[in-house]
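Below: the structure, in structure tokens.
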Amino acid sequence: MMNVNVRQLAAETLEPLLRHQGSLNAVLPEAAARCPERDRGLLRQLCYGTMRDFQQLNIIANKLLKRPFKVADFDIRALLLVGIYQLRSLRVPAHAAINETVEAAHGLKKSWAASLINGVLRRYQRETEAIEEKVLESELGRQNHPEWFIRKVQNNWPDHWQKIIDGNNDSDAPLTLRVNKQQISREDFLQALADEEIDATATPLSPQGVTLEEACDVTILPGYDDGWFSVQDEAAQLSAELLDLQPGQRVLDACAAPGGKLGHILEQEAELSHVDAVELEKRRTDRVYDNLARLKLEANLYIADASKDDWWDKHAYDRILLDAPCSATGVIRRHPDIKYLRKGEDIAALADIQLSILQNLWQMLAPGGKLLYATCSIFPQENERLIKRFVTQQNDAEHIPLSADWGVSRPYGRQLFAIPNSHDGFYYALLTKAVD
């Protein structure tokens, strides 16, 4: 592979995001494929770090620039943000960081920007203390979040908002695994890790969870090819327990990709009579099939819209998991570009989609059956308020309070927030259909 300027590659990766196109999940894999393996960690750090600190970096750039960049030059804007991020947060020698960033402007075929990038970065270097003080003068700078997000979190969670903000700014989310109990016990898996001198601990909330002391390439862990485990946050692992699965039941997993919760359902109860999964996006179904194959599990997968019933065979389900599409505001520390890409008006639109899916799936639930509603959002508009709205409208829907020692109890469901060195933010509510 020819020499690649990693700063240039990072700018090319971030440029569409600055236009509100794509996401790091979507664009970074292609960029990583063009990057030498030895530099992929740096590329990831540059991209994730720049998006995590975007608000602060943008404030700094605006103070150092005489005029904003044109839309046609958002690649140079991205490059400048990457350069400032390096000087603030990486241990790369300043002269090397600046030189490589300046050189990247030539690689982007915009040599006119090289002197601009050089001047701005060197000025930041000279005036760091004064500039950083300016950043902290505004709440946007202090919290490192968009203003709409700060206001909404303060309004929704007056007693928790600062911890939520701080948690989102945390770059150290743990790597947690879910042990496939159909293949191995958690105790035996922990011993297998210990035999390889890999430090890990059992999770306190999920009976199948294991958190690694240090993140690593999971494909080298014992039992990967044999389906001993999956990567899954501890909060997401709670769904299978909450469904109260029993032998002989018909089960549906709606909005199933990438298949983590579907695999857990099949691991949790091996004697289910029938398991269906529905996923709207065809491009995401390959991962579902791959994950099930590695875990040695099977389910019926429909590529269809969960808000419609044209795929349904009209046989009612005893259990339904609705892992609804949401703002993903509970997993920002893992996906920091959400802070930039998400807009305040998105939340109401998402809530409408969530309600339409819930209303459609309700007809598929058998009387006496249970539906578990789940999101990785921290906004009540997508969670407890939506469930209240649904139960109020649906005469045969009953809310089942969750008795648990995790999260925050709400009038409808329970809310988890991201915790340092522990689980992500998540919401669960359990409903049952009344028997005639």
Side-chain angles (χ1 to χ4, degrees), residues 23-25 44-45 47-58 85 88-89 135-136 138-177 201 203-206 209 211-215 231-239 260 323 326-344 346-347 350 374-384 404-410 413-428:
S23 66
L24 283 177
N25 269 358
R44 179 182 174 86
Q45 192 171 17
C47 291
Y48 273 76
T50 299
M51 294 312 298
R52 179 173 289 109
D53 292 343
F54 175 84
Q55 300 298 333
Q56 294 179 343
L57 297 171
N58 199 47
Y85 171 74
R88 295 179 89 217
S89 304
V135 171
L136 299 180
S138 69
E139 188 169 34
L140 186 146
R142 290 192 298 274
Q143 307 300 343
N144 206 15
H145 279 66
E147 186 174 355
W148 76 266
F149 190 99
I150 298 169
R151 298 288 169 259
K152 193 172 187 69
V153 174
Q154 288 174 332
N155 180 61
N156 289 167
W157 300 106
D159 297 330
H160 302 276
W161 74 270
Q162 190 64 67
K163 287 185 178 180
I164 293 171
I165 293 289
D166 292 344
N168 289 348
N169 289 329
D170 183 5
S171 61
D172 294 323
L175 178 56
T176 301
L177 311 176
T201 56
T203 54
L205 305 182
S206 168
T211 298
L212 301 185
E213 188 69 26
E214 294 184 6
V231 176
Q232 189 178 43
D233 180 72
E234 184 182 16
Q237 294 184 31
L238 301 175
S239 59
D323 186 10
C326 71
S327 62
T329 45
V331 294
I332 284 177
R333 64 180 180 177
R334 297 185 191 274
H335 306 281
D337 49 329
I338 290 171
K339 287 197 291 184
Y340 177 82
L341 297 172
R342 193 69 68 210
K343 299 299 181 184
D346 295 344
I347 309 305
L350 284 164
T375 75
C376 55
S377 169
I378 53 97
F379 289 136
Q381 193 171 352
E382 301 177 80
N383 296 335
E384 60 187 271
D405 57 1
W406 46 260
V408 178
S409 178
R410 307 303 297 162
R414 296 186 77 90
Q415 179 72 57
L416 299 112
F417 302 117
I419 294 177
N421 302 311
S422 186
H423 58 72
D424 292 336
F426 226 84
Y427 172 82
Y428 287 109

Please check: side-chain N/O of [X] versus main-chain N/O of [Y], any donor-acceptor pairing under 3.5 Å?
X      : Y      : result
Arg414 : Ala404 : yes
Asp233 : Asp424 : yes
Glu234 : Leu205 : yes

Exercise. Any luck finding a side-chain donor-acceptor pair between Thr211 and Thr176 under 3.5 Å?
Worked result: yes
Problem set entry | With sequence neighbours excluded, residues passing side chain to side chain contact (heavy atoms under 4.5 Å, CB included) with Asn25 | Ser23, Tyr48, His335
Exercise. What pairs with Gln55 under side chain to side chain contact (heavy atoms under 4.5 Å, CB included), at least two apart in sequence or on another chain?
Worked result: Leu140, Asn144, Pro146
For this session: Evaluate the ring planes of Trp157 and Phe417, with Trp represented by its six-membered ring, and classify them as parallel (under 30°), tilted (30 to 60°) or perpendicular (over 60°).
Result: perpendicular
For this session: Specify whether Tyr428 and Phe426 have parallel, tilted or perpendicular ring planes, treating 30° as the upper limit for parallel and 60° as the lower limit for perpendicular.
Result: tilted
Using side-chain hydrogen bond (donor to acceptor under 3.5 Å, both in side chains) as the criterion, list what pairs up with [X], not counting sequence neighbours.
X      : result
Asn168 : His145
Gln162 : Gln143, Asp166
Arg151 : Glu139, Gln154
Gln381 : Lys152

Problem set entry | Contact summary for Met51 and Tyr340, nearest pair of heavy atoms | CE-CB, 3.6 Å
For this session: Identify the two heavy atoms, one from Arg333 and one from Pro174, that lie closest to each other, and give their separation to 0.1 Å.
Result: NH2-CD, 3.9 Å
Exercise. Thr203 and Gln237: side chain to side chain donor-acceptor pair (under 3.5 Å), yes or no, with the steps?
Worked result: CA-CA 10 Å; Thr203 54; Gln237 294 184 31; 4.9 Å; no
